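Scroll down for the structure; my scribbles are underneath it.
Quantities reported herein were computed from a predicted structural model and do not represent experimental measurements.
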Amino acid sequence: MLHDKTVAFIGAGSMAEAMISGLVKSEKFPTHQILATNRSNAERLAALEAIYGINSCKLEDLQFDQIDVIILAMKPKDVDQALRGIKQHIKPNQLILSVLAGITTTYLEQNLHIGQQVVRVMPNTSSAIGESATAISPGHETSENNVVLTKTLLKCIGEVYTIDEKDMDVFTGLAGSGPAYFYYLMEHMEQQGAKAGFDVETTRKIIAQTIKGAANMVQAQGETPTILREKVTSPNGTTAAGLKALDENGGGKAIAKAVEHAAIRSKEISEQIQESLLVNSK
């Protein structure tokens with residue numbers, strides 16, 4: 001389904017690069033069918049070409065009629081100017097994927113064409129190694145065929161979940177910001193290992209494999225994290241002692257607050273972006 005599709009990234013920031021990296025490494029999507037473009041940063045485009053073997057061009061030189069999937073990956077503050085620049089070149093049946101934080105499918109539909117095929121997409125940085133947790137939310141006019149195409153494309157960079165657009169902020173708290181929580185946990189475990197005399201590099205590998213194995217257990221066994229935790233926690237054992245320390249120091253509550261606050265901040269940023277776009281459009 002992908003062998004005859006051409007994808008263009010409009011914008012070449014870190015998330016665009018992570019997605020490009022995942023697509024290339026999946027070997028399911030030919031590199032000559034991936035194109036990166038921006039308005040003026042030719043050096044950045046040249047770097048992406050050299051690293052990933054994809055194509056690139058300035059936005060003004062993009063042949064829109066040869067593109068099947070257009071991925072909007074510029075900075076959200078630049079979306080209004082970008083949409084004005086591309087609207088005349090795209091057709092309603094062209095699929096638009098938006099990785100723009102805070103930009104709704106309704107906004108995109110209203111600023112493009114009647115019947116425009118739009119899907120809001122939220123991958124995380126693990127897409128660079130094909131391990132993203134990616135949420136999608138199709139627009140009002142998007143056909144089922146294009147939803148299937150979106151899922152097929154994004155499965156090249158990880159797992160895909162269809163959610164209501166109103167839940168994108170919660171998804172951000174869980175998955176968008178989620179990798180940082182695990183890095184934070186690893187930092188502190190690594191510091192304790194070093195304090196005990198462990199080699200830092202070895203400690204890091206041990207912790208990474210432990211987290212990876214635990215996550216795989218959840219997926220492989222189909223049991224809840226609570227049940228798995230209880231299974232490995234013997235009364236008065238080492239795990240029980242560690243978990244008690246976590247509880248006494250607010251571990252569980254802190255994690256819950258992290259997810260909650262990230263979701264709240266995501267909503268605040270979305271509202272600020274929408275307000276800014278509304279002011280600029282007047």
List the atom of [X], the atom of [Y], and the distance in Å for their closest heavy-atom pair.
X	Y	result
Gln116	Leu112	OE1-CB, 3.7 Å
Lys91	His113	C-CD2, 4.3 Å
Met168	Arg120	CE-O, 3.8 Å

Measure from the side-chain N and O atoms of [X] to the backbone N and O of [Y], and report whether any donor-acceptor pair falls under 3.5 Å.
X	Y	result
Ser127	Pro123	no
Glu109	His140	yes
Ser21	Glu17	no

Practice item. Nearest 0.5 Å please: distance from the CZ atom of Phe9 over to the CG atom of Leu35. Key: 10.0 Å

Check your understanding: Rounded to the nearest 0.5 Å, how far apart are OG of Ser132 and CG of Asn124?
Key ->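 If I round to the nearest 0.5 Å, the distance is 4.0 Å.
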
Review point. Should Glu268 and Arg265 count as an ion pair when the cut-off is N to O under 4.0 Å?
Key: yes

Practice item. Could you tell me whether Glu223 and Lys231 make a salt bridge, using a distance below 4.0 angstrom between a side-chain N and a carboxylate O? Key: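 Looking at Lys231 together with Glu223, the answer is yes, because their closest N to O distance falls below 4.0 Å.
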
Check your understanding: For Asn146, which of Leu97, Val69, Ile96, Leu95 qualifies under side chain to side chain contact (heavy atoms under 4.5 Å, CB included)?
Key -> Leu95

Check your understanding: Hey, what else clusters with Val170 if you join Ile, Leu, Val, Met, Phe, Trp, Tyr whenever side-chain heavy atoms sit under 4.5 Å?
Key ->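 Via sub-4.5 Å side-chain contacts, Val170 links to Leu174, Tyr181, Val259.
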
Exercise for review: Check the angle between the aromatic planes of Tyr161 and Phe171 and answer parallel, tilted or perpendicular using the 30° and 60° thresholds.
Suggested key: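 Ring orientation of Tyr161 relative to Phe171: tilted.
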
